[in-house]
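Notes follow the structure.
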Amino acid sequence: MAGQQGEPYDAEPRGPYDFDTAVDRRGTWCVQWDGVADRFGVDGLLPFTISDMDFTTAPEVLAALRDRLEHGVFGYTTWKHDDFRSAVAHWHATRYGTEIDPGQLVYGPSVLNQLSQLLQMWTGEGDGVVVHTPTYDGFRKAVTGLGRELRGVPLGDEEALVRELARADAKVLVLCSPHNPTGRVWTAAELARTAELAARHGVAVISDEIHADFVHEERAGGVHVPWTRVAGDGGGRWALITSASKAFNFPALTGSYGFIGDPADRAEYLRRMETGEGLASPAVLSLTAHIAAYREGAAWLDAVRAYVARNLAYVAERLSADLPELGWEPPQAGYLAWIDLRPAGVVDDEALQRVLVERERVAVMGGAVYGAPGFVRLNVGCPRGKVERGVEALIRAVRAVTSSPSGD
């Protein structure tokens, strides 16, 4: 059980990595800390927002980056080499038990950029793009920004999914696997069924798997199942897009990769990236970080994932003690606590946010951002002391808005 506030949650050894010591990120131009006023209108809040972590990346990644910097020459670079391809293949084989076809591999500056390119290839203006709700706001921005129609289906509602896929102008299903913001992990059977439905209705599938390395296997009932493992069963157009940047916490280096099943689609994607977008040369430090993470970073990832799992367990314990009506349980994947506050009587998201920002001085993502009022998404990819402050602030804010409609 948990100790007093500020004490370690348990006595479990944490190995050679220190995740408890806070790293000061202020003044480093980071979105979560320095950009908090852009979303919340106030500087100086303690943030639990955008999904990056407050931990330094794996020592092996840092060492590889230092070595590359020491070389001192940073000319144009290619990703089409065995060092990168074999590192990706090694990771998928050792983490997911899946053999990949290196010939299907593609590269991009970010997962969302890859999504945008694929949507432009496979859809036209006004076409329907199906997503699960609640929906990661990056998907909504990408789809609507391109003039496509976002069509949401409730998570787990197969009848609604079939109905939307069957519409004549439905062209793409964007699958978030594992799902953001809920942390849900799809089973192999669910993925195979989705592949079959998409193929039946001629709908392409784009599977965003950037959260895959943070599956909590005990809660999920097993490891992540990549789309590459099920895509061949149903045929049809498909792409898997992902990056090591989420799990190893280096999104500022940019860089992502993916797999595209159809050779003609793959050639068209590469043509668009290398000529139309002018992105033939990737960021060399991103390649360096990916290779080091996938070749040498497994132990660090296992340690940080275990630390985050303990953070999530702490959140569950605190909410169970103070807001038991929520019945909240940790997610199957990720470091984002998706919490339904409606059972506690939270009906006014704006009032809750006012209390969190003005009284508690914390920034927490409201569920309305993902199309789910009454929820919050609390980032616990951070030292335990910060998590404790965030959870206590959330509990006080919920009590304030449920005891007084205005939160006063």
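Note that the coordinates shown come from a computational prediction; the quantities given were computed from them, not determined experimentally. Numbering of residues begins at 1 and proceeds along the displayed sequence.
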(message) Any carboxylate oxygen within less than 4.0 angstrom of a Lys/Arg side-chain nitrogen, looking at Arg85 and Asp101?
(response) no
(message) Less than 6.0 angstrom from the centroid, inside 45 degrees of the normal: does Lys386 satisfy that with respect to the ring of Phe48?
(response) yes
(message) Taking side-chain hydrogen bond (donor to acceptor under 3.5 Å, both in side chains) as the definition, give me every residue that meets it alongside Glu268, ordered by chain and number, with sequence neighbours left out.
(response) Arg271
(request) Using the test side-chain hydrogen bond (donor to acceptor under 3.5 Å, both in side chains), find all partners of Tyr335 that sit at least two apart in sequence or belong to another chain. (result) none
(message) Under the rule for salt bridge (charged side-chain N to carboxylate O under 4.0 Å, His left out), what residues qualify as partners of Glu60, not counting sequence neighbours?
(response) none
(message) Would you say that Asn249 contacts Asp52 through its side chain, given a criterion of any heavy-atom pair below 4.5 Å between the two side chains?
(response) yes
(request) For Glu274, check salt bridge (charged side-chain N to carboxylate O under 4.0 Å, His left out) against everything at least two apart and list the hits. (result) Lys80
(request) Mind checking side-chain hydrogen bond (donor to acceptor under 3.5 Å, both in side chains) for His179 and listing every partner two or more places apart, or none if nothing turns up? (result) Thr182
(message) Tell me whether Arg237 is salt-bridged to Asp262, with the criterion being a basic N under 4.0 Å from an acidic carboxylate O.
(response) no
(message) Once side-chain hydrogen bond (donor to acceptor under 3.5 Å, both in side chains) is applied, do any residues pair with Ser86, and if so which ones, sequence neighbours excluded?
(response) Arg295
Listed pairs under 3.5 Å, donor-acceptor, residues 185-193 side chains, sequence neighbours left out:
from   : atom 1 : to     : atom 2 : distance (Å)
Trp186 : NE1    : Cys176 : O      : 3.0
Thr187 : OG1    : Glu190 : N      : 3.1
Thr187 : OG1    : Glu190 : OE1    : 3.4
Glu190 : OE1    : Arg184 : NH1    : 3.2
Glu190 : OE1    : Thr187 : N      : 2.9
Glu190 : OE2    : Arg184 : NH2    : 2.8
Arg193 : NE     : Glu158 : OE2    : 2.8
Arg193 : NH1    : Glu196 : OE1    : 2.8
Arg193 : NH2    : Glu158 : OE2    : 2.8

Please report, to 0.1 Å, the donor-acceptor pairs under 3.5 Å made by any side chain of residues 128-147, with sequence neighbours excluded.
from   : atom 1 : to     : atom 2 : distance (Å)
Thr133 : OG1    : Val153 : O      : 3.2
Thr135 : OG1    : His132 : O      : 2.7
Thr144 : OG1    : Arg140 : O      : 2.7

(request) Applying salt bridge (charged side-chain N to carboxylate O under 4.0 Å, His left out), name anything that partners Arg151, two or more places apart in sequence or on another chain. (result) Glu149, Asp169
(message) Does any part of the side chain of Tyr107, heavy atoms only, come nearer than 4.5 Å to the side chain of Phe84, both counted from C-beta?
(response) yes
(request) Sort and list the pairs that fulfil salt bridge (charged side-chain N to carboxylate O under 4.0 Å, His left out) and have at least one residue in residues 65-76, not counting sequence neighbours. (result) none
(request) Quick one: which residue pairs count as a salt bridge (charged side-chain N to carboxylate O under 4.0 Å, His left out) with a foot in residues 321-338, not counting sequence neighbours? (result) Arg219-Glu329, Arg318-Asp322, Asp322-Arg399
(message) Between Glu277 and Arg272, does any side-chain N to carboxylate O distance fall below 4.0 Å?
(response) no
(request) Find out whether Val106 and Phe259 are in side-chain contact, i.e. whether some heavy atom of one side chain is under 4.5 Å from a heavy atom of the other. (result) no
(message) If the condition is salt bridge (charged side-chain N to carboxylate O under 4.0 Å, His left out), which residues does Arg361 pass it with, not counting sequence neighbours?
(response) none
(request) Kindly indicate whether the side chain of Trp33, heavy atoms from C-beta on, has any atom under 4.5 Å from the side chain of Asp54. (result) yes
